[in-house]
Number of protein chains: 2
Amino acid sequence: MKKTQSNVVTSLRQMILDGELKAGARLAEIPTSEKLGVSRTPVRIAFRALEQEGLLTKLPRRGYEVRSVSTEEIIGAVEVRGVLEGLAARQAAERGLSEDHQKALAVLLEEGDRILAVKELSESDLEHYQQMNKRFHDIVIEAAHNPAIHAALSRNEHLPFASASALAFDKAHMLREAKRFEFAHMQHHHVYHAIVNGLGTRAEGIMREHANATLGYINSPRNADQLTVISERDTQNT
Amino acid sequence: MKKTQSNVVTSLRQMILDGELKAGARLAEIPTSEKLGVSRTPVRIAFRALEQEGLLTKLPRRGYEVRSVSTEEIIGAVEVRGVLEGLAARQAAERGLSEDHQKALAVLLEEGDRILAVKELSESDLEHYQQMNKRFHDIVIEAAHNPAIHAALSRNEHLPFASASALAFDKAHMLREAKRFEFAHMQHHHVYHAIVNGLGTRAEGIMREHANATLGYINSPRNADQLTVISERDTQNT
DNA sequence: GAGCATAATATTGGATCCAATAAAAACTTG
DNA sequence: CAAGTTTTTATTGGATCCAATATTATGCTC
């Protein structure tokens with residue numbers, strides 16, 4: 001298959017996210033182009049794009065290197081994502097959901113219910129849930145009808161999954177902490193409820209708390225029990 | 001002077017922001033490279049960078065065009081900036097200001113006081129204030145020690161000043177609305193106070209309100225009188 | 001053997017070619 | 001003269017060259 005420009009950037013990105021290119025590894029245009037079987041031109045462009053995404057840093061006259069992302073940076077990225085998705089949820093609530101978006105969110109919620117109905121989650125269940133989770137968030141962002149949110153998140157997209165975070169997001173570990181998922185999923189229900197009822201401030205608040213839950217997970221993955229629960233009754237107060 | 005890569009992107013950006021290249025204008029690599037006296041390579045890179053910044057859109061097989069930015073988009077960008085700077089203010093408060101940052105902010109506040117002491121603001125006063133304003137915000141963002149905020153704002157940097165916004169930010173108009181500046185400057189004082197006293201939530205709230213004030217300005221520039229004022233006494237309650 | 005000078009190498013930035021392809025223009029035919 | 005077809009042109013993506021320059025290695029001197 002012929003490698004094309006965007007192919008080069010996606011395959012390089014994948015290599016970084018998969019850990020095939022470890023943090024600190026040095027990359028130069030010519031060796032990389034030979035390795036991928038393309039010329040320097042697309043590699044050049046790819047390096048700049050990945051630098052933009054925060055995955056590479058330029059070492060002047062010495063090529064690029066795969067950035068090592070510290071836990072602090074990941075936390076920072078998650079916090080940023082939190083406020084932005086909070087804004088998205090608020091705006092989605094204030095502007096009103098389209099029929100399609102509401103339907104899509106409802107379907108995803110049900111999908112999550114089904115996954116979590118089983119008490120012992122398998123790894124594939126986990127992956128399934130993650131996909132559903134991502135789609136849920138994407139739809140909320142989309143429903144805000146604010147392209148600037150998208151733009152602001154673009155540099156944030158892959159960072160939390162880069163090398164250093166392998167630990168924080170370790171799959172086996174998350175499996176043991178499945179309780180978190182139930183809590184997160186409940187928050188999804190509440191966000192949905194707030195949005196469809198036009199409760200912008202509430203939607204924003206829950207969404208931010210939702211991001212915060214992830215942070216709590218990164219920081220102290222052992223305290224899943226102490227999570228407080230937003231009572232369903234509260235959501236009825238309009 | 002020899003044009004270099006970053007020169008090409010900055011000069012193209014300037015041309016767009018100055019209105020020399022109007023919204024909707026089509027750009028192709030070869031004509032642009034000839035006009036700037038460089039080869040296609042740096043232009044190619046510049047186009048991609050400016051596309052990333054949201055200033056150009058790619059028309060497949062027909063080159064690029066200067067994006068026309070709608071008022072809605074600018075509002076969206078300002079809202080995004082608001083929540084991000086709100087987060088920055090909160091984190092700056094929570095993490096504590098360094099000696100240097102505190103000093104810098106204090107100096108800027110005083111500078112603003114001096115500018116606004118004069119009742120009839122000249123256009124150069126206005127420009128001076130704007131510079132001070134930008135530095136104030138930059139320092140707050142810096143003080144948050146969260147690189148993800150920077151990254152998220154990068155695509156947001158120039159958008160609000162692109163073509164369509166010429167109207168919204170019209171200088172003569174702003175001059176007439178100088179009252180807004182006093183209000184904004186007072187908010188700066190409150191943000192400063194909240195940050196140095198470690199009042200994260202308050203700092204965030206005021207910063208978001210501050211962004212909102214800009215929005216109010218874009219939407220209805222005539223209502224400068226109805227602004228409510230945060231009482232100075234409130235900021236003493238710790 | 002250490003330190004400095006010099007040479008070799010690696011690496012990027014810019015320029016130019018070539019090929020593929022889509023858009024636009026010209027042309028032909030009914 | 002309109003509509004479809006062919007030709008021309010514009011435009012980008014990729015490959016390769018050349019030049020400038022910083023880093024690394026080598027070697028020379030003391």
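Here is how names work: the chains are called A, B, and so on, in the same order as the sequence lines, proteins then strands, and each is numbered from 1. What you see is a predicted model, and the numbers here were worked out from it, not measured in a lab.
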Discussion item. Between B:His137 and B:His210, does the ring-ring contact (aromatic ring centres under 6.0 Å, His included) criterion hold? Intermediate values first, please.
Written reply: CA-CA 11 Å; B:His137 284 254; B:His210 185 50; 5.0 Å; yes
Using a cutoff of under 3.5 Å, can you pull out all pairs of nitrogen or oxygen atoms linking the protein to nucleotides 6-11 of chain C, with atom names and distances?
residue: C:dT11; atom: OP1; partner: A:Arg26; partner atom: NH2; Å: 3.2
residue: C:dT11; atom: O2; partner: A:Arg61; partner atom: NH1; Å: 2.8

Whole Å only: how far is the [atom1] atom of [X] from the [atom2] atom of [N]?
| X | N | atom1 | atom2 | value |
| --- | --- | --- | --- | --- |
| A:Lys58 | D:dA22 | NZ | C1' | 14 Å |
| B:Leu59 | C:dA23 | CG | C1' | 12 Å |
| A:Arg44 | C:dA15 | CZ | C1' | 10 Å |
| B:Phe47 | D:dT12 | CZ | C1' | 11 Å |

Discussion item. Could you check whether the side chain of B:Arg40 and the base of D:dG13 have a donor-acceptor pair of N or O atoms closer than 3.5 Å, going by distance alone?
Written reply: yes
Practice prompt. Indicate whether OP1 or OP2 belonging to D:dG13 is found under 4.0 Å from a side-chain N or O atom of B:Arg48.
Written response: yes
Worksheet item: Taking only side-chain nitrogens and oxygens of A:Ser39, does any of them come within less than 4.0 Å of OP1 or OP2 of D:dA15?
Response: yes
Worksheet item: Which pairs with one or both residues in residues 75-99 of chain A pass ring pair (Phe, Tyr, Trp, His ring centres under 6.0 Å), sequence neighbours excluded?
Response: none
Worksheet item: Between A:Arg48, A:Arg155, A:Arg13, which is the residue that forms a salt bridge (Lys or Arg N to Asp or Glu O under 4.0 Å) with A:Glu53?
Response: A:Arg13
Discussion item. What I'd like to find out is whether the side chain of B:His185 reaches to under 4.5 Å of the side chain of B:Leu109, using heavy atoms alone.
Written reply: yes
Worksheet item: Is it true that B:Glu157 and B:Lys134 make a salt bridge, defined as a side-chain N closer than 4.0 Å to a carboxylate O?
Response: yes
Item to complete: Determine, stepwise, if the pair B:Glu29 / B:Arg40 fulfils salt bridge (charged side-chain N to carboxylate O under 4.0 Å, His left out).
Response: CA-CA 6 Å; B:Glu29 289 177 7; B:Arg40 275 183 59 206; 2.8 Å; yes
